[in-house]
Each structure stands twice: as structure tokens, then as C-alpha cells.
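Notes follow the structure.
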Amino acid sequence: MKIQIHIVAKTLVFRDDYKLLLLIRSDDDIHRPGGYDLPGGQVDNGEEPLLGGIREAGEEAGLALQPADMQLVFATSKTDNLSEAKPDINLVWMGYVSALPAGAVVRLSHEHKDFLWVTIDEAMALYDGGTQLQFLNYLKGNSIAAELWQPRG
Amino acid sequence: MKTKVITKAILARPDGDVLLMRRSATDPRRPLQWDFPGGNLEPGEHADDAAIREIQEESGLDVIPGSLQLVTATSDVFVQPDTKESTNLVWLFYVGKVADDPVTLSFEHDQFVWVKPADIPTKVTHPEHLRMVSYVLDNGLLAS
């Protein structure tokens with residue numbers, strides 16, 4: 001069976017108060033309309049995943065994330081059963097963490113209708129399931145990952 | 001262009017030395033080059049599970065639970081010398097710890113060696129792997 005691989009890079013962007021950025025998908029989106037979303041999207045063929053994540057965060061939220069701030073912490077994959085299309089797709093999902101650049105302002109594209117800043121616990125309560133919740137759970141439970149962005153002490 | 005996602009792990013034993021393995025002469029990609037354990041991500045597989053599975057298959061070692069950490073990802077394009085077919089390779093790099101257990105190679109490798117982290121570049125030649133090694137050493141990610 002032929003499997004095509006798609007890479008998705010998403011970024012948990014956090015502020016000085018350790019609240020993280022959640023976007024809300026547009027109502028006319030074919031995938032999860034109105035659903036909560038971390039900035040990010042599909043990495044182009046041959047593109048560095050980190051740079052793909054930065055590009056997508058720029059397109060979707062108007063943010064200029066810095067490569068040196070981007071820390072990869074999580075990667076998983078799932079076979080896509082959204083369509084009958086062949087070949088089958090293995091979606092490789094990569095989760096980065098980055099501080100919000102100083103002075104940055106969120107500017108949404110047509111892909112999202114709103115955004116909010118929430119704590120990781122608030123964010124986890126907003127998701128019903130899915131890979132983004134897995135990522136948040138991982139950050140919450142993994143001491144190495146949590147050190148990256150959670151308040152000290 | 002086809003994409004492949006490959007995990008690689010820098011594994012440190014208790015004395016701090018890390019495991020390198022030499023690819024078999026019959027390997028269609030990079031024969032006789034020194035390499036880290038790791039391999040292809042299977043469809044639907046969590047990358048951590050893929051890394052643990054490949055380490056076990058290739059070296060017989062079990063990663064100490066909780067010590068495996070994803071550190072960075074890079075990509076490059078591999079051109080098969082005979083067919084000229086291009087593949088987009090996405091590398092997921094890990095660091096992890098193993099106990100002082102014996103290494104058991106599979107058919108994929110013909111030699112292994114434990115080296116000081118600073119000596120990795122005397123054996124490993126792959127540019128993306130060396131980028132990873134610099135990233136890991138510069139950030140002190142192998143320190144226990």
C-alpha cells in the first residue's frame with residue numbers, strides 16, 4: 001500500500017505570563033470549523049519543519065517567531081481517514097514551543113475568526129480530544145518539556 | 001518527491017559515552033557510514049515509540065524509561081546514486097540514556113563503537129547528523 005506523508009508543524013506560543021495562544025477556526029473551514037487551534041500548518045515538500053512552522057504562524061497569526069526560540073518537543077503520526085482519496089496519508093504532527101517575540105501583535109487571516117490567551121489547563125479543558133490535546137497533555141506531564149515554558153517555583 | 005520521516009537517537013550509557021553503529025556494506029543508502037540508531041516512522045506511530053522500537057531492533061538496547069527526549073528536526077534531500085530518485089528526508093533527533101548492557105547488532109550494521117560525545121565528528125560524516133550533534137552539544141543536552 002502506498003502511503004503519502006504529510007508533515008504538520010504546530011507551535012505553542014506563550015507570553016511572559018505563560019498564557020498560550022489559541023486560535024479559533026473559521027466557521028467555513030472544511031476541517032473542524034469553529035474548533036480551537038494552535039498556530040501552524042502543513043510543511044512544504046523539502047522545507048525545514050521549523051521554518052514551515054514559523055511561516056505558518058506568520059500567515060495565520062501575523063507573528064514573526066524566531067528560529068532560536070523554537071523548541072521541538074513532540075512528534076506523532078496518524079493515518080488520515082478524512083477522505084477516500086488514494087494514496088493514504090500518514091500525517092506526521094510536530095509540536096514546537098516558542099516564546100512570543102517582544103511587542104508582537106496577533107493578526108488573524110481568513111482561516112481563523114478569533115483568538116484567546118489561556119493557561120495550559122484552560123486550553124486542555126477546551127479540547128475534546130485529538131492530537132493538539134495529546135500535545136498539551138504531553139507538555140503538562142513531561143518535566144523536561146514543562147521546564148521550557150512553565151513558571152518556575 | 002516522496003517524503004520519509006526517520007528517527008535518530010544519541011544514546012548515552014552511564015559513563016557518558018555514546019553509541020555509534022556502522023551501516024552494513026549491503027545497505028542501499030550510505031553503506032559503511034557511521035550512524036546513530038533509529039529508523040523509519042511507521043504509519044500512525046508515535047515518534048517516541050518509533051525511536052524506542054528502532055533502538056531495540058538495531059542495538060538490542062532498551063532506552064531507560066523517561067530519558068528519551070526529542071530535541072530537534074531537520075530535513076534534506078537524498079538522491080539515490082543509481083536511480084537518481086530524490087527523497088525528502090525529515091530527521092527527528094532524540095537523546096536518551098541506556099544501561100551498561102551488551103549491544104546486539106542486526107543485519108543492518110556490521111560494527112559498533114562507544115565514543116566520547118566530542119569525538120562523534122571523527123566518525124559521523126552526514127551533514128544533517130553533524131548539525132544535530134552540534135545542537136545537542138552546544139545546548140548541553142547530553143549532560144545528566
So A/Val92 and B/Val90, side-chain contact (heavy atoms from CB on, under 4.5 Å) or not? Walk me through it. CA-CA 10 Å; A/Val92 178; B/Val90 175; over 6 Å; no
Could you list each N or O donor-acceptor pair linking chain A to chain B at a distance under 3.5 Å?
residue: A/Asn45; atom: OD1; partner: B/Asn88; partner atom: ND2; Å: 3.2
residue: A/Asn45; atom: ND2; partner: B/Met1; partner atom: O; Å: 3.0
residue: A/Glu47; atom: O; partner: B/Ser75; partner atom: OG; Å: 3.4
residue: A/Glu48; atom: OE2; partner: B/Ser75; partner atom: N; Å: 3.2
residue: A/Gln71; atom: OE1; partner: B/Tyr135; partner atom: OH; Å: 3.2
residue: A/Gln71; atom: NE2; partner: B/Val71; partner atom: O; Å: 3.2
residue: A/Ala75; atom: O; partner: B/His46; partner atom: ND1; Å: 3.3
residue: A/Ala75; atom: O; partner: B/Ala47; partner atom: N; Å: 3.1
residue: A/Ser77; atom: N; partner: B/Glu45; partner atom: O; Å: 3.2
residue: A/Ser77; atom: OG; partner: B/Gly44; partner atom: N; Å: 3.1
residue: A/Ser77; atom: OG; partner: B/Glu45; partner atom: N; Å: 2.9
residue: A/Ser77; atom: OG; partner: B/Glu45; partner atom: O; Å: 2.7
residue: A/Asn90; atom: OD1; partner: B/Gly44; partner atom: N; Å: 2.9

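- Under the 4.5 Å side-chain heavy-atom criterion for Ile, Leu, Val, Met, Phe, Trp and Tyr, A/Leu100 and A/Ile24 are members of distinct hydrophobic clusters.
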Set out, in order, the CA-CA distance, both residues' side-chain angles and the distance that settles side-chain contact (heavy atoms from CB on, under 4.5 Å) for A/Leu72 and B/Val71, then state yes or no. CA-CA 6 Å; A/Leu72 178 65; B/Val71 289; over 6 Å; no
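- Placement of A/Phe14 and A/Leu65 in two distinct hydrophobic clusters is found when ILVMFWY residues are connected by side-chain heavy-atom separations under 4.5 Å, directly or transitively.
- The same ILVMFWY cluster, assembled from side-chain heavy atoms under 4.5 Å apart, contains both B/Leu137 and B/Leu130.
- Under a hydrophobic-cluster definition in which Ile, Leu, Val, Met, Phe, Trp and Tyr are linked whenever side-chain heavy atoms come within less than 4.5 Å, directly or via other members, B/Leu20 and B/Leu141 are assigned to the same cluster.
- Side-chain contact between A/Val73 and B/Leu70 is absent, with no heavy-atom pair separated by less than 4.5 Å.
- Linking Ile, Leu, Val, Met, Phe, Trp and Tyr residues whenever their side-chain heavy atoms come within less than 4.5 Å places B/Phe93 and B/Phe78 in a single cluster.
- Contact of A/Leu91 with chain B is not made at all, since no heavy-atom distance falls under 4.5 Å.
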